[in-house]
Student: 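For reference, the structure I am asking about is given below.
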Amino acid sequence: NHPNDNGSNPKLKACYNHRKSEWSRKFLSTTFYPTHMNTVTVEAWSDFMLDSAGIIRRSFRKTKICPLQPPSKDNKFL
């Protein structure tokens with residue numbers, strides 16, 4: 001398991017899918033072009049950034065891959 005596969009990637013995909021479905025409801029018969037994809041991606045990224053720090057921390061905890069402790073808490077530096 002990799003932290004990105006257990007947190008940020010699925011969350012970003014969920015944000016994108018949510019924004020894409022909103023776009024589709026708003027513009028029922030409009031063809032979805034790359035310019036529209038850029039708008040949806042920016043909105044999804046904004047949603048993702050609201051909780052990205054928590055998502056990243058949870059994904060590292062879930063995979064039990066812990067980054068280094070800050071120097072003040074790492075016994076090697078005491």
Side-chain angles (χ1 to χ4, degrees):
N1 281 336
H2 191 275
N4 287 339
D5 297 335
N6 286 286
S8 53
N9 290 346
K11 178 64 176 180
L12 185 55
K13 183 177 179 179
C15 291
Y16 179 85
N17 289 340
H18 173 72
R19 287 299 184 159
K20 172 70 168 66
S21 67
E22 282 184 348
W23 187 93
S24 295
R25 281 193 303 273
K26 187 175 179 181
F27 302 103
L28 295 171
S29 61
T30 304
T31 303
F32 192 70
Y33 290 112
T35 54
H36 301 126
M37 187 179 87
N38 291 341
T39 301
V40 170
T41 301
V42 167
E43 292 172 353
W45 183 255
S46 296
D47 293 347
F48 175 76
M49 292 302 293
L50 293 175
D51 191 31
S52 62
I55 293 165
I56 293 167
R57 282 194 301 269
R58 285 189 299 273
S59 65
F60 273 92
R61 273 192 228 118
K62 185 175 183 178
T63 59
K64 297 180 179 157
I65 299 173
C66 299
L68 295 173
Q69 294 287 337
S72 62
K73 294 183 179 183
D74 195 336
N75 292 331
K76 290 182 212 172
F77 296 103
L78 292 178

Student: Side chain to side chain contact (heavy atoms under 4.5 Å, CB included), that's the test. Do Trp23 and Glu43 meet it? Break it down for me.
Tutor: CA-CA 10 Å; Trp23 187 93; Glu43 292 172 353; 6.0 Å; no
Student: Drop me the distance from Arg57's CZ to Ser52's OG, to the nearest 0.5 angstrom.
Tutor: 9.0 Å
Student: Quick one: pull up CZ in Phe48 and CD1 in Ile55 and give me the separation to the nearest 0.5 Å.
Tutor: 4.5 Å
Student: Would Met49 and Tyr16 show up in the same hydrophobic cluster when neighbours are defined by side-chain heavy atoms closer than 4.5 Å?
Tutor: no
Student: Give, for atom OH of Tyr33 and atom OG1 of Thr39, the distance between the pair rounded to the nearest 0.5 Å.
Tutor: 14.5 Å
Student: Determine, using the 4.5 Å side-chain heavy-atom cutoff (strictly less than), whether Val42 and Trp45 are members of one ILVMFWY cluster.
Tutor: no
Student: How long is the gap from CG on Asp47 to NE2 on His18, to the nearest 0.5 Å?
Tutor: 6.5 Å
Student: Is the closest side-chain heavy-atom distance between Phe27 and His36 below 4.5 Å?
Tutor: no
